[in-house]
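Notes to accompany the following structure.
Excluded from the calculations below are hydrogen atoms, water molecules and symmetry mates; all remaining heavy atoms, backbone and side chain alike, are included. Note that ligands are numbered from 1 as they come in the structure, with each ligand's atoms numbered from 1 the same way.
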Amino acid sequence: MTLELAAVMRRRGLDVSFTVSPGETVALLGSNGAGKSTVVELCAGLLRPDSGRATLDGQVLFDLPGTFLPPHARRTVLLAQEPLLFPHLSVRDNVAFGPRSAGESRAASRLLADEWLAAAEVSELADRRPAMLSGGQAQRVAVARALAASPRLLLLDEPMTALDVAAVPAQRRLLHRVLLNRSVILVTHDPLDALALADRVIVLQGGRIIEEGPTRAVFAHPQTEFTRALTFGLDLSAGPAVPGGGPGSAPIIGV
Ligand SMILES: Nc1ncnc2c1ncn2[C@@H]1O[C@H](COP(=O)(O)OP(=O)(O)OP(=O)(O)O)[C@@H](O)[C@H]1O
């Protein structure tokens, strides 16, 4: 799915324009307050820009002033730092919720849920309540729930931040596997996430795009102080550590 977005949101100091191609993962990088979360919330329909236009595979998400598609009609899914699972539902029913809401039968939704739980390697947790999960397990379930909803655009807002440092590599590996060939925007502070998962990076500062390009190229030849500092000491010459190579066979440390 192709996302084409141009948006101005004055009270957040944001003015951006970019595209996400079909099957492409784009990482949004930038310091605190740069506008990363604002961009994904605009895509998800949680915020309304002052002006601009966005389309997802030709369907207008917003074209202001005038058209503004509500979040539930966008088929975008936002996966935030905290998994935000429904506490009163089992893990399986949490994952089945998306397809069920989209009109699938109860049986078909549960079958789909079981498939995604297997893909996220958490099948054994299907009957638990979210309160009985570790942070890493809950994030895996949240990934399964997000994908079971068959989003046209997946929005990940710092999906590793709340995790114990020991759980991060496994989560990164899971995301690497399930994000392949999807259209994704990934907000991250971690250059390793960008290298492992993103085909392209967009660097934001003060609500503007200050640098963008293929992840490896941008990191190898940073044009801004922010990116130079972010990638300082990163070993870009090492071979790929993600089986089969990452997007563009990005060499990764510690994946
Ligand atoms: N709820 C809010 N109400 C008003 N202004 C906000 C709100 N959230 C963020 N802002 C402002 O909007 C701008 C962009 O913030 P945003 O949260 O998008 O940045 P970010 O790059 O995601 O930052 P971080 O890395 O700290 O999460 C900042 O100036 C911030 O102060």
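If you check the side chains of R152 and Q59, you find a donor sitting under 3.5 Å from an acceptor.
Close approach of ligand 1 to T38 (heavy-atom distance below 4.0 Å) involves ligand atoms 14 (C), 15 (O), 16 (P), 18 (O). The ligand atoms of ligand 1 that sit less than 4.0 angstrom from a heavy atom of N32 are 23 (O), 24 (P), 25 (O), 26 (O). Listed by number with element, the atoms of ligand 1 under 4.0 angstrom from any heavy atom of S31 are 21 (O). Annotation for ligand 1: atoms under 4.0 Å from non-hydrogen atoms of A34 are 19 (O), 20 (P), 21 (O).
The closest non-hydrogen atom to atom 19 (O) of ligand 1, taken over G30, G35, S37, comes from G35. Between the choices R12, M9, Q205, the shortest heavy-atom distance to atom 12 (O) of ligand 1 belongs to R12.
At the top of the distance list for atom 23 (O) of ligand 1, counting protein heavy atoms only, stands G33 N, 2.8 Å. Looking from atom 25 (O) of ligand 1 to the surrounding protein, the closest heavy atom is K36 NZ, 2.8 Å.
Side-chain contact between L174 and Q139: absent, with no pair of heavy atoms (C-beta onward) separated by less than 4.5 Å. Under the 4.5 Å side-chain criterion, counting only non-hydrogen atoms from C-beta, R182 is not in contact with T25. Proximity of L204 to F18: side-chain heavy atoms (C-beta onward) are nowhere separated by under 4.5 Å.
Contact annotation for atom 31 (O) of ligand 1: protein absent (non-hydrogen atoms, distance under 4.0 Å).
Polar contact check, H189 against ligand 1: a nitrogen or oxygen pair lies under 3.5 Å apart.
Of the inter-residue distances, the one linking L61 atom CG with L5 atom CG reads 8.0 Å to the nearest 0.5 angstrom.
Side chain of E82 to backbone of A80: no donor-acceptor contact under 3.5 angstrom is found.
No path of Ile, Leu, Val, Met, Phe, Trp and Tyr side chains, each step under 4.5 Å between heavy atoms, connects V40 with L156, placing them in separate hydrophobic clusters.
With a 6.0 Å cutoff to the six-membered ring centre and a 45° limit on the axis angle, R74 counts as a cation-pi contact of F68.
Residue contacts with ligand 1, taken as heavy atom pairs separated by less than 4.0 Å, do not involve E41 at all.
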